[in-house]
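Have a look at the structure below, then the notes.
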Protein chains: 2
Amino acid sequence: MTPAAPSDGTGPQLRADAARNRARILAAARAAFRERGTAAPLDEIARRAGVNIATLYRRFPDGEALIRQVVIDGYTVLLRAAQTAVREASDGALPAIEHWLLGLVAEREMLVLPLIGGPVVNDAEALAIQRELGGLLDELLATARDQGAIRPDVTAADLTTTVALACRPLPHLDAATGQVLAERHVRVFLDGLRPGPDPISPLPSGPTLDEVLARVYADGPTPTPDNTTQR
Amino acid sequence: MTPAAPSDGTGPQLRADAARNRARILAAARAAFRERGTAAPLDEIARRAGVNIATLYRRFPDGEALIRQVVIDGYTVLLRAAQTAVREASDGALPAIEHWLLGLVAEREMLVLPLIGGPVVNDAEALAIQRELGGLLDELLATARDQGAIRPDVTAADLTTTVALACRPLPHLDAATGQVLAERHVRVFLDGLRPGPDPISPLPSGPTLDEVLARVYADGPTPTPDNTTQR
DNA sequence: ATCTAACCGCAGGATATCCTTCACTTATTC
DNA sequence: GAATAAGTGAAGGATATCCTGCGGTTAGAT
């Protein structure tokens with residue numbers, strides 16, 4: 001994401017070819033990060049993008065800046081999807097959640113680092129987006145509960161967890177196959193969201209999304225993986 | 001191969017301290033791979049294991065051998081769990097599946113590379129285990145369907161997908177928090193497995209487990225990530 | 001049509017990791 | 001308690017990646 005158009009406060013307007021290449025680089029980076037982790041060689045990303053390595057460094061000062069942009073773009077996708085879901089929720093919250101979750105699975109190629117991990121966490125912009133996202137999901141869930149459309153013990157943290165789990169690449173599988181399997185999984189999960197008369201499994205208590213975010217950004221004990229580095 | 005005990009056909013019996021260190025190295029490798037991907041520096045693994053790098057290289061000829069062992073150990077856990085589940089299924093297949101899945105989530109620290117990915121795929125031993133695993137899951141599902149305990153459109157591929165998704169580390173989170181969130185997710189999924197009268201989401205057709213395995217081992221188009229390499 | 005931003009190809013130094021090797025010390029086993 | 005497998009510490013060459021810089025070429029903007 002983030003073609004030539006002004007998406008963040010970054011650019012003073014790029015020339016057409018520069019914007020094109022920037023988009024290509026980001027797409028290549030997403031693919032490479034999904035396949036090989038953030039340690040994917042920048043040379044390879046440039047090659048995949050059909051661009052010279054010098055061009056990559058002209059666009060992004062260093063590897064970290066590239067990672068950061070991919071992360072931000074992913075968050076932006078998440079944010080937009082949540083906004084749409086909240087808008088749709090009044091006409092039926094459960095279908096809205098369904099639409100939201102399946103839509104994210106369909107867009108999973110865009111969702112790389114927020115889910116997969118990555119070093120760029122202490123980022124003000126990312127944090128702001130994530131907080132807003134949490135608010136939207138709470139709103140969505142509140143609406144669903146009011147409508148009696150969902151089991152009451154599901155939290156926003158559960159929704160983000162599901163996105164994080166279901167939108168990651170499945171190892172060794174091509175994107176299409178992973179997509180189908182992820183969608184099937186999510187559909188079963190969605191069925192489990194309904195306020196059944198006799199839930200098999202009462203959910204054990206878990207942290208709220210705020211608590212989760214606090215642990216993440218408070219430099220949690222675990223260093224943090226990102227995706228994967230193929231050896 | 002693994003601890004001191006005879007697990008596979010590998011060792012001529014290790015001395016006590018050697019076995020201890022070997023186990024420590026494998027535990028450290030699992031942790032490092034989960035956090036940083038298979039590209040985690042071997043020096044770091046040795047350090048975490050409280051062992052000299054030379055000892056690591058004495059035990060494992062190279063990094064790939066270490067990865068391979070971690071993979072095999074993970075598959076072994078999967079296999080044992082499936083065997084237990086099949087044994088329990090006659091007394092109620094759905095509780096058996098529940099027990100199986102939650103047990104794997106609890107043991108997720110052991111399940112590193114089969115799920116996360118990793119370069120060691122074309123391995124006869126791993127392939128054999130995976131096939132056996134598929135057979136056991138089919139058996140489990142057949143029993144569950146006979147008992148009318150599960151929706152009929154769920155396949156063995158769905159079960160392995162769920163394990164693969166739910167047992168991976170959640171980025172930026174410590175193990176305990178990730179564990180809780182994964183368990184909650186799995187419990188909702190389990191509720192979605194029941195043969196409800198009105199499933200929200202009919203599952204779209206997907207590949208069988210055999211087809212999935214074939215794609216994986218037939219050198220699927222996508223190179224394959226493993227876990228993640230932190231930068 | 002012209003001007004200039006952006007791209008390309010390439011070379012090179014810095015750093016990190018891999019893996020090996022060797023002499024010496026420690027811990028286990030019998 | 002003696003024999004020996006195993007572990008330690010350290011040094012070093014090989015490789016890969018990061019990132020920078022420069023002259024020359026191409027493509028977009030006005």
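The figures that follow rest on heavy atoms only: side chains count, while hydrogens, waters and symmetry mates do not. To find a chain, count down the sequence lines: A is the first, B the second, and so on, and within it residues start at 1.
- You'll find the side chain of A/Arg34 stays beyond 4.5 Å of the side chain of A/Arg30, heavy atoms only.
- Comparing A/Asn52 and A/Asp43 by the nucleotide of DNA chain D whose heavy atom lies nearest to each, the residue mapping closer to the 5' end is A/Asp43.
- Between D/dG7, D/dC19, C/dC18, one nucleotide has an atom nearer to the side chain of B/Arg59 than all others, and that is D/dG7.
- If you check C/dC19, D/dA6, D/dC18 against the side chain of B/Leu14, the one that comes closest is D/dA6.
- Residue A/Asn21 places no side-chain N or O under 4.0 Å from the OP1 or OP2 atom of C/dA6.
- In this structure, B/Arg68 does not pair ionically with B/Glu64, as no charged nitrogen and carboxylate oxygen lie closer than 4.0 Å.
- One atom, CZ of A/Phe60, and another, C1' of D/dT20, lie 18 Å apart when rounded to the nearest Å.
- The 5' end of DNA chain D is approached more closely, in terms of each residue's nearest nucleotide, by B/Asp17 than by the other of B/Asp17 and B/Ile53.
- Among the nucleotides C/dA27, D/dT8, C/dC7, the one closest to any side-chain atom of B/Arg20 is C/dA27.
- Minimum atom distance to the side chain of A/Thr55 is reached by C/dC8, of the listed C/dC8, D/dG7, C/dC19.
- Rounded to an integer number of Å, the gap from CG of B/Leu56 to C1' of D/dT8 is 14 Å.
- If you check every strand for non-hydrogen atoms under 4.0 Å, B/Ala54 touches a base.
- Between A/Ala18 and B/Pro61, it is A/Ala18 whose nearest contact on DNA chain C lies nearer the 5' terminus.
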*Stepwise side chain to side chain contact (heavy atoms under 4.5 Å, CB included) test for A/Leu133 and A/Leu209*: CA-CA 10 Å; A/Leu133 190 57; A/Leu209 184 52; over 6 Å; no

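- Distance B/Leu42 CG to C/dA16 C1': 12 Å, rounded to the nearest Å.
- A salt bridge is defined here as a Lys NZ or Arg NE, NH1 or NH2 lying under 4.0 Å from an Asp or Glu carboxylate O, and B/Glu35 with B/Arg48 meets this definition.
- D/dA6 atom P lies 16 Å from atom CZ of B/Arg24, rounded to whole Å.
- Across the protein-nucleic acid pair, A/Gln13 atom CD and C/dA6 atom P stand 11 Å apart, rounded to whole Å.
- In the set C/dT28, D/dT20, C/dA5, the nucleotide with an atom closest to the side chain of B/Arg15 is C/dT28.
- Take the nearest nucleotide of DNA chain C for B/Ala16 and for B/Arg58: the residue whose nucleotide is more 5' is B/Arg58.
- At least one side-chain heavy atom of A/Leu79 sits under 4.5 Å from a side-chain heavy atom of A/Leu136.
- When the P atom of D/dT17 is taken as reference, atom OH of A/Tyr57 falls 11 Å away, rounded to whole Å.
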